Amino acid sequence: MDEEYDVIILGTGLKECILSGLLSVDRLKVLHMDRNDYYGGESASLNLNQLWKKFRSSSSPPTHLGSSRDYNVDMSPKFMMANGALVRVLIHTDVTKYLYFKAVDGSYVYNKGKIHKVPTTDMEALKSPLMGIFEKRRARKFFIYVQEYLETDPKTHDGLDLTRITAKELFTKYGLDDNTVDFIGHALALYRDDHYLCEPALETVKRIKLCAESLARFQGGSPYIYPLYGLGELPQAFSRLSAVYGGTYMLNKPDCKVTFDEEGKANGVTSEGETARCKKVVCDPSYLPNKVKKIGKVSRAICIMSHPIPNTNDSQSLQIILPQKQLGRKSDIAMMQLHILRQRFKMCLLCTHKSQERYWI
């Protein structure tokens, strides 16, 4: 370890591993370290034993849950838009050869005490129980406008400048009621709260178009895809890319401390009595807690279930958005169900963003 590197990276989360891979491809000498004995950091996928060790260090998982190796439980669960920016990055960097993906079966929204499938096309809007017959016609016109909209072609703008009018004004033009606006903004455009209604409508239209394009890409029941063995596969894929181009990895390195020169610039990392020198240090916030500012907070819950979520057509994998208005909250709750286990159990992951508090993520 007592060598000099161009860059030392601390933490094997997704962002850190993407940088490690790209810097190594650029022929920089990279040392990548992590205090854990597994890849992924806060983006890791843990087996059952690792999960119990992380949250219940004094006990072992119940035997009726089956083999630990059958589980891949994500610490930061996220679905990927099938036509989104991250998928394009994976294709561009060619790390898809290290990954296997599965289309997510369904996308749902909670409305008036019931779970409904999210309509993503004009034809699905006509069949949806979320709207009455007249509202369906108005929603269909809105979806057709969004599908045909091209930012570079004024003929598709219908006389509207989406950089000047707000999302609320666009919805009002098509006569959409509050319930329809609620599921479009939160279950299609995936906004966490209603602040977007007062912002230019262009970003909202782009998000809805991305949802429709992602749905069409794999002809599945939702616009989302997911790594077959958990989200922790993404950091590992970029780690492999880095290693192929000469990157050096060290896991299970405790007490990694960044050293600074007289001018206050980072110039190395010390661990277990050894020091590696470098020109730059990249790390996740947990390695430099005194140099970051807390700006938000995410609350998550992990549930192991023996049955699918009711009213979801027994889908093996799905997302349910619970909009803030439906719950009387200040931000949404996202619920993801995964069935990537060989056991009979399903994994339900809940996530909510508490924007009213000010913490770093």
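Computed from a predicted structure; not experimentally measured.
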- May I have the step-by-step check of side chain to side chain donor-acceptor pair (under 3.5 Å) for T12 and Y249, ending in yes or no? CA-CA 10 Å; T12 52; Y249 277 80; over 6 Å; no

- Task: Begin with the C-alpha distance, continue with both residues' side-chain angles, and end with the deciding distance and a verdict on side-chain contact (heavy atoms from CB on, under 4.5 Å) for T166 and L197.
- Result: CA-CA 6 Å; T166 64; L197 290 172; over 6 Å; no

For the residue pair [X] and [Y], establish whether any side-chain heavy-atom pair is separated by less than 4.5 Å.
X: P77; Y: R300; value: yes
X: L46; Y: K53; value: no
X: V104; Y: Q319; value: no
X: V109; Y: L322; value: no
X: Y191; Y: S331; value: no
X: L51; Y: P61; value: no
X: V181; Y: I184; value: no
X: Y108; Y: N311; value: no

Check: [X]/[Y] side-chain N/O donor and acceptor closer than 3.5 Å:
X: S286; Y: R35; value: yes
X: T259; Y: N267; value: yes
X: Y98; Y: Q236; value: no
X: R217; Y: N83; value: yes
X: S107; Y: S222; value: no
X: S68; Y: N47; value: yes
X: T156; Y: D153; value: no
X: H186; Y: D194; value: yes
X: T163; Y: D161; value: yes

N/O donor-acceptor pair under 3.5 Å between [X] side chain and [Y] backbone:
X: T312; Y: I309; value: yes
X: D193; Y: H195; value: yes
X: S317; Y: D105; value: yes
X: Q337; Y: S315; value: yes
X: K280; Y: I8; value: no
X: Y71; Y: L65; value: yes
X: T93; Y: V89; value: yes
X: S76; Y: E42; value: yes
X: H32; Y: G11; value: yes
X: S214; Y: L210; value: yes

Is it the case that over 12 heavy atoms from other parts of the model lie below 6.0 angstrom from the [atom1] atom of [X]?
X: I133; atom1: CD1; value: no
X: D37; atom1: CG; value: yes
X: N252; atom1: CG; value: yes

- Task: Compute the ring centroids of H157 and Y149, then answer whether they are less than 6.0 Å apart.
- Result: yes

Whether [Y] and [X] form a salt bridge (side-chain N of Lys/Arg under 4.0 Å from carboxylate O of Asp/Glu) is what I want to check.
X: D158; Y: K155; value: no
X: E4; Y: K29; value: no
X: E169; Y: K173; value: no

Going from [atom1] on [X] to [atom2] on [Y], what distance comes out if it is rounded to the nearest 0.5 angstrom?
X: R138; Y: L176; atom1: CZ; atom2: CG; answer: 7.5 Å
X: D94; Y: L241; atom1: CG; atom2: CG; answer: 8.5 Å
X: Y224; Y: M81; atom1: OH; atom2: CE; answer: 4.5 Å
X: Q324; Y: I333; atom1: CD; atom2: CD1; answer: 11.0 Å
X: T204; Y: L162; atom1: OG1; atom2: CG; answer: 9.5 Å
X: I208; Y: F142; atom1: CD1; atom2: CZ; answer: 4.0 Å

- Given the rule in the side-chain contact (heavy atoms from CB on, under 4.5 Å) test, do Y229 and L99 qualify, once you have shown the distances and angles that lead to the verdict? CA-CA 9 Å; Y229 300 107; L99 298 164; over 6 Å; no

- Query: Passes side-chain contact (heavy atoms from CB on, under 4.5 Å), L202 versus E151? Steps please.
  - Reply: CA-CA 9 Å; L202 180 60; E151 191 174 359; 3.4 Å; yes

- Item | Hydrophobic cluster identity match, V146 and L160, side-chain contacts under 4.5 Å | yes

- Please step through salt bridge (charged side-chain N to carboxylate O under 4.0 Å, His left out) for the pair D332 and R192, ending with a clear verdict. CA-CA 5 Å; D332 293 357; R192 291 190 301 242; over 6 Å; no

- Task: Assign the ring pair Y196 / F171 to parallel, tilted or perpendicular, where the plane angle (0 to 90°) is split at 30° and 60°.
- Result: perpendicular

- Before giving the answer on side-chain contact (heavy atoms from CB on, under 4.5 Å), spell out for M250 and L31 the whole-Å C-alpha distance, their side-chain angles and the decisive distance to 0.1 Å. CA-CA 8 Å; M250 294 183 180; L31 172 63; 4.1 Å; yes

- Given N179, which of K325, E135, Q326 fulfils the side-chain contact (heavy atoms from CB on, under 4.5 Å) condition? Q326

